[in-house]
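Inspection log for the structure reproduced underneath, given as structure tokens.
So that the names make sense, note that chain A is the first sequence line, chain B the second, and so on, each numbered from 1. None of these values were measured; they are calculated from a predicted model.
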Protein chains: 2
Amino acid sequence: MATKCSQCPLRRHPLFKAMSDHDVKAMQRFKVGELIIEAGTPVLIEGSNSPQLFTALRGMGIRYKTTLDGARQVVNFVFPGDFIGLQAGVMGEMAHSVEASSKMTLCVFNRSELWTFFKTYPERAFDITWLAAVEEHFLGEALTSIGQRSALEALSWALLRMFIRAEQIGLVHNRSVAMPFRQQDLADAMGLSLVHTNKTLSKLRDQQLADWSDGYLTINDKDRLAAIAKTEPDLVPSRPLM
Amino acid sequence: MATKCSQCPLRRHPLFKAMSDHDVKAMQRFKVGELIIEAGTPVLIEGSNSPQLFTALRGMGIRYKTTLDGARQVVNFVFPGDFIGLQAGVMGEMAHSVEASSKMTLCVFNRSELWTFFKTYPERAFDITWLAAVEEHFLGEALTSIGQRSALEALSWALLRMFIRAEQIGLVHNRSVAMPFRQQDLADAMGLSLVHTNKTLSKLRDQQLADWSDGYLTINDKDRLAAIAKTEPDLVPSRPLM
DNA sequence: CGATGATTTGACGAGCCTCAAGGTACGTGG
DNA sequence: CCACGTACCTTGAGGCTCGTCAAATCATCG
């Protein structure tokens, strides 16, 4: 049985911008169903033009691109509340692939109705643009991390980012959160080798800054980690939820 | 005397999606003036909430972020036709700064009218989202370049990108284009040191792949450069012009 | 209980960074 | 008209971070 938008468990988190009843009803009309997929399942493929758009409701995944010689760049990690497929929706083609890293539940929308949606609900159209801007914001930060920070700093930044995002949607219990990603995913995200990523993670563990092991990420002192990452542990601004 | 949108010299380039008369008139109503600035002038500051949005009409610039310890990441280069200030427009705050690298002419829009604009012209609202998606597409590619490619490959990619973009708006004459950027800008864009960037650029010059000197970028064989960059010299898809 | 995938550890070398100095072009003022 | 300052580009030397190669350990699963 599909979750009703009015009952959406995500919306109550302060991370997300408040929605009017009108907005919620608009989403309910736009939503055509739910999709449950297992870990490892591809959701969208780079270069494809999916007929459907999604919002992650439960579970996590990765967005990634592959180069001609087979290297993989993880562009971002997908958390509950993330909108998937916007590029195909407006440009007609995805610039990256999306794959589930854990079992996921996705809200499904029809791409063919996106334009009607823009005309009918300008508030929600504005919110979709907002989401695109949030993604641009994040990618700029990621670029800065890979380009300007050392491996230790970059990984600190990445772990802190993921942890705070998980915190904001209530996934952190006892300073820990379940992380279904592999070290290879993190390495591909930060442009580091798997070996060096592994060694740097154990350095963070030794220094009691962040412990990622056995599928759980534990962070005790966010401020100290933020100092290493040369960033501020500022609250990520609230964003719309589609 | 400000250029009328109906006379816009950019729109005729095939890079930009065709606009209906209705769209052009919408833009004319949205545009409140033109701004001419000298090289080195800041346009928008990271963290600020500008009351104005811009479209680059002439000249070039850079988008950049600075870290707490003073390092600079150039996020993108601004070319004629680029929309500036979208993040402030929807999120209320810029995630990066924008600065002119040459003398620039900017079309000016009022941020306060953006929402009205979304309601009144859903086609153009859709196009603004498209532009945001294009930027996201680019940042994903940039991330891949910095993360997965060697200095030689990354610089090849960057030069090729800039060259093709310039070509698409008619700035290339005799296989050359005027580039107002410094080597430091390019270094900060690719996460490399100035010294190594310089040495790598002369390697590209020695191998007759790309010659960036005296303020001009010259590329004779795009395919060969693309092969080094491990990318395809594919035409960038057309995009909307605001 | 072998097969597969993920994590861990060590050794070694290369790509890139830092430091340092010199070169060139250009503007400014004495 | 030349000395000087500034901004940018260029080149060399040396060292560190990080990548590559290789192999061992561990967990999961059929």
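Using modelled atom types and a 3.5 Å distance limit, the side chains of A:Trp212 and A:Gln183 yield no donor-acceptor pair. Side chains of A:Asp211 and A:Ser213: a donor-acceptor N/O pair is present below 3.5 angstrom, by distance only.
Rounded to whole Å, the distance from NZ on A:Lys203 to P on C:dG10 is 13 Å. One can place CG of A:Asp188 at 14 Å from C1' of D:dG19, the figure rounded to the nearest angstrom. The distance between atom NE2 of B:His196 and atom C1' of D:dC16, rounded to the nearest whole Å, is 14 Å. Counting to the nearest Å, the C1' atom of D:dC8 and the CG atom of B:Asp185 are 11 Å from each other. Atom CG of A:Asp214 and atom P of D:dC26 are 13 Å apart (whole Å). Separating the CG atom of B:Leu194 from the C1' atom of D:dC8 is a distance of 9 Å, rounded to the nearest angstrom. Protein atom CD of A:Glu153 is 11 Å distant from nucleotide atom P of D:dT17, rounded to whole Å. Distance, B:Leu201 CG to D:dT10 P: 8 Å, rounded to whole Å.
Taking 4.0 angstrom as the limit, B:Gln183 places a side-chain polar atom (N or O) nearer than this to OP1 or OP2 of D:dT10. For A:Asn198, no side-chain nitrogen or oxygen approaches OP1 or OP2 of C:dT7 to under 4.0 Å.
Here D:dT10 is the nucleotide among C:dT8, D:dT10, D:dT20 with the atom lying nearest to any side-chain atom of B:Arg205.
Here B:Glu167 pairs with B:Lys222 in a salt bridge; the nearest charged N to carboxylate O distance falls below 4.0 Å.
At least one test fails for B:Arg11 against the ring of B:Phe16: distance under 6.0 Å to the centre or angle within 45° of the axis.
Here A:Ser150 lies in heavy-atom contact (under 4.0 Å) with sugar-phosphate atoms only. Heavy atoms of A:Ser213 sit nowhere under 4.0 angstrom from any nucleic acid atom. Among the atoms of the strands shown, only primed sugar atoms or phosphate atoms (P, OP1, OP2) are found under 4.0 Å from some heavy atom of B:Gly191.
Nearest-nucleotide positions on DNA chain D for B:Lys199 and B:Phe181 put B:Phe181 closer to the 5' end. Between B:Val195 and B:Arg182, the one whose closest nucleotide on DNA chain D sits nearer the 5' end is B:Arg182.
The aromatic rings of A:Phe83 and A:Phe109 sit tilted relative to each other, their planes meeting at an angle between 30° and 60°.
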